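Scroll down for the structure; my scribbles are underneath it.
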Amino acid sequence: MSSPIATTLSSPPYDRLKAVKEFDETKAGVKGLIDSGIKTIPSFFIHPPEILSDLVPGSGPEPEIPTIDLSAIHESRATVVDQIRSAASTVGFFQVINHGVSPDLLRSVVGAMKAFHEQPAEVRAQVYRREAATGVSYISNVDLFTSKAASWRDTLQIRTGPIPAEEKEIPEVCRKEVMEWDREVVRVGDILLGLLSEGLGLGEEGFKELGLSQGRVMAAHYYPFCPQPNLTVGLNSHADPGALTILLQGHIGGLQVRTQHGWIHVKPLDGALVINIGDLLQIISNEEYKSADHRVLANSSNEPRVSIAVFLIPGNREKLFGPLPELTSAEKPALYRNFTLNEFMTRFFKKELDGKSLTNFFRQ
């Protein structure tokens, strides 16, 4: 039997759930922790050794993901189709330049999202919520209560299709930019889906009837300075569930993609958009195209990292999806079963953002 003195001197066991709840209830996010002046990160942000040991950057010159010039469509569309097909069927990531979005809009979108995250905590708290009923939610870590360890970032999430959030629900500080950016994303997304469809021999309109870009969610991530970046991550390794992701990132790096060469950096390229294949497109294409695991390192820069990802997913949740019949044969039978988008997305949110198991779940 332990003595009363020993009981008094021992600290109570760490209650992770209690600590996570207390953090969530501040509604101030990771930004609030930094603003409070902390020098050490709370325990629930610390990742296990097997994750942390893998964060060491490689030595020597690094390979880079392909950069594709979309303005070349007018002179040689077939060349651009080949470039996109090659990138989509290998690394699953590429950057596009000369996409027709004005540099001013790119800057203003990043600036508006930064401005939202840097408002006073009590202003941000007005839209801090885990349920997205209004189509707008500001949260820190969508998987905060289910993940093994939290990640060092906050997110403003806005639904822009098929039924967009009401205009008045979008925070005023970024409302105009959100609406302008969504229009450009739809335009660029349709061009890219047309090129990807051609790359599979389906013609430019092949993906159109599937409505792959009708459902859209915009996630504006804010990665403030982390005082102990070697103990946590900005975003856990995961593959995106949708068809295609269009990412606008500021000039602070941190995004990495897993390739046959190991983890490589996706270096910020002024004026470029980062495009990646999602699990749904891997399934529809019967694995002609590949989704890729990616992650974001914790930000060691004194300047915050801002990125805006828009996930393109079909609008009809009850529609059946699976490998397209045109892409299956006796030599290459369908690798996946059919499913509704509802089942697919429910399965995604039931797992943590910790690696690619969604495609395996639907494999035949």
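Values in this document were obtained by computation on a predicted structure and should not be read as measured data.
Counting heavy atoms from C-beta on, the side chains of Ile41 and Ile46 come closer than 4.5 Å. Counting heavy atoms from C-beta on, the side chains of Trp181 and Ile308 come closer than 4.5 Å. Residues Leu244 and Leu192 are in side-chain contact: their nearest non-hydrogen atoms beyond the backbone lie under 4.5 Å apart. Counting heavy atoms from C-beta on, the side chains of Leu195 and Leu193 never come closer than 4.5 Å. With a 4.5 Å cut-off on side-chain heavy atoms, Phe225 and Glu303 do not count as touching. The side-chain heavy atoms of Arg347 and Leu358, taken from C-beta on, include a pair separated by under 4.5 Å. In this structure, the side chains of Gln214 and Asn316 stay at 4.5 Å or more apart for every pair of heavy atoms. Proximity of Pro229 to Leu297: side-chain heavy atoms (C-beta onward) are nowhere separated by under 4.5 Å.
In this structure, Ser86 contributes its side chain and Gln83 its backbone to no donor-acceptor pair below 3.5 Å. Between the Ser140 side chain and the Arg153 main chain, a donor and an acceptor come within less than 3.5 Å of each other. At least one donor-acceptor pair closer than 3.5 Å links the side chain of Arg175 to the backbone N or O of Glu167. Ser147 contributes a side-chain N or O that, together with a main-chain N or O of Ala149, makes up a donor-acceptor pair within less than 3.5 Å. The backbone N or O of Gly194 lies less than 3.5 Å from no partner atom in the side chain of Ser197, so there is not a single donor-acceptor pair. Under the 3.5 Å distance criterion, the side-chain polar atoms of His47 are matched with a main-chain donor or acceptor of Ala150. Side-chain atoms of Arg77 never come within 3.5 Å of backbone atoms of His74 as a donor-acceptor pair (strictly under, hydrogens ignored). Under a 3.5 Å cut-off, the side chain of His294 and the backbone N or O of His238 do form a donor-acceptor pair. Side-chain N or O atoms of Arg317 include none that pairs as donor or acceptor with a backbone N or O of Leu341 at under 3.5 Å. Of the possible polar contacts, none joining the Asp143 side chain to the Thr146 backbone as a donor-acceptor pair under 3.5 Å is found.
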Checklist entry - What's the verdict on salt bridge (Lys or Arg N to Asp or Glu O under 4.0 Å) for Glu22 and Lys18, showing C-alpha distance, side-chain angles and the deciding distance? => result CA-CA 6 Å; Glu22 284 173 356; Lys18 181 169 179 276; 3.1 Å; yes
Item to check | ring pair (Phe, Tyr, Trp, His ring centres under 6.0 Å) between Phe348 and Phe361, worked out | outcome: CA-CA 10 Å; Phe348 175 75; Phe361 183 80; over 10 Å; no
Next on the checklist: Could you go through Asp69 and Ser71, starting from their C-alpha distance and side-chain angles, then the distance that decides it, and tell me whether this counts as side chain to side chain donor-acceptor pair (under 3.5 Å)?
Outcome noted: CA-CA 6 Å; Asp69 183 349; Ser71 68; 2.6 Å; yes
Item to check | Leu247 and Ser307: CA distance, side-chain angles, deciding distance, side-chain contact (heavy atoms from CB on, under 4.5 Å) verdict | outcome: CA-CA 7 Å; Leu247 175 80; Ser307 70; 3.8 Å; yes
Item to check | Chi angles and distances behind the side-chain contact (heavy atoms from CB on, under 4.5 Å) call for Tyr128, Asp24 | outcome: CA-CA 9 Å; Tyr128 193 98; Asp24 197 48; 2.6 Å; yes
Item to check | Test side chain to side chain donor-acceptor pair (under 3.5 Å) applied to Glu184 and His99, step by step | outcome: CA-CA 10 Å; Glu184 288 297 307; His99 38 63; over 6 Å; no
Item to check | Derivation of the side chain to side chain donor-acceptor pair (under 3.5 Å) call for Thr245 and Asp240 | outcome: CA-CA 8 Å; Thr245 302; Asp240 292 341; 2.8 Å; yes
Item to check | Chi angles and distances behind the side-chain contact (heavy atoms from CB on, under 4.5 Å) call for Arg129, Ile139 | outcome: CA-CA 6 Å; Arg129 57 178 78 95; Ile139 45 169; 5.9 Å; no
Next on the checklist: Show, in sequence, the C-alpha distance, side-chain angles and deciding distance for Leu106 and Leu248, and conclude whether the side-chain contact (heavy atoms from CB on, under 4.5 Å) test is met.
Outcome noted: CA-CA 8 Å; Leu106 297 176; Leu248 169 59; 3.9 Å; yes
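Side-chain contact of Ser291 with Asn276: a donor-acceptor pair under 3.5 Å is absent, judged by distance alone. A donor atom on one side chain and an acceptor atom on the other are found under 3.5 Å apart for His221 and Thr155. Between Trp263 and Asp54, the side chains place a donor N or O and an acceptor N or O closer than 3.5 Å (distance only, hydrogens not considered). With hydrogens and angles left out, the side-chain atoms of Thr359 and Asp279 include no donor and acceptor closer than 3.5 Å. With 3.5 Å as the limit, one finds no donor-acceptor pair spanning the side chains of Glu64 and His265. Defined by atom type and a distance below 3.5 Å, a donor-acceptor pair is missing between the side-chain atoms of Arg295 and Ser151. If you check the side chains of Asn342 and Thr340, you find no donor sitting under 3.5 Å from an acceptor.
A perpendicular orientation is assigned to the rings of Tyr138 and Phe116, their planes being inclined by more than 60° (bins at 30° and 60°). Between Phe344 and Phe339, the ring planes are parallel. Angles under 30° get that label, and only those over 60° would be called perpendicular.
Scanning both residues, Arg16 and Leu144, for their nearest heavy atoms gives NH2-O, 3.9 Å. Closest approach of Phe93 to Pro66, counting heavy atoms only: O-CD, 3.5 Å. Nearest heavy-atom pair across Pro162 and Gly315 is CG-O, 3.8 Å. The shortest non-hydrogen separation linking Pro171 to Val136 is CD-CG1, 4.0 Å. The two residues Val81 and Glu198 make their nearest non-hydrogen contact at CG2-OE1, 3.8 Å. Smallest separation of non-hydrogen atoms from Met218 and Asp182: CE-N, 4.2 Å.
Among residues at least two apart or in separate chains, side-chain hydrogen bond (donor to acceptor under 3.5 Å, both in side chains) pairs with a member in residues 222-235 are Glu118-Tyr222. Pairs engaging residues 242-265 under the salt bridge (Lys or Arg N to Asp or Glu O under 4.0 Å) rule: Arg258-Asp293 [sequence neighbours left out].
Separating the CD1 atom in Ile65 from the CZ atom in Phe94 is a distance of 9.0 Å, to the nearest 0.5 Å. For the atom pair CZ of Phe145 and CG of Leu17, the computed distance is 7.0 Å after rounding to the nearest 0.5 Å. Here the CG-CD distance, from Leu235 to Gln256, works out to 11.5 Å after rounding to the nearest 0.5 Å. For the atom pair Leu200 CG and Ile284 CD1, the distance stands at 10.0 Å (nearest 0.5 Å).
Between Glu180 and Lys176, at least one side-chain nitrogen of the basic residue sits less than 4.0 Å from a carboxylate oxygen of the acidic one, meeting the salt-bridge criterion. At a threshold of 4.0 Å, the pair Arg159-Glu166 does not count as salt-bridged, since none of the basic side-chain nitrogens sits closer than that to a carboxylate oxygen. Ion pairing of Glu177 with Arg107 is absent here, as no side-chain N (NZ or NE/NH1/NH2) approaches a carboxylate O to less than 4.0 Å. In summary, Glu343 and Arg337 engage in a salt bridge, as defined by a charged side-chain N under 4.0 Å from a carboxylate O.
When hydrophobic residues (I, L, V, M, F, W, Y) are linked wherever their side-chain heavy atoms come within less than 4.5 Å, the members clustered with Leu269 are Ile97.
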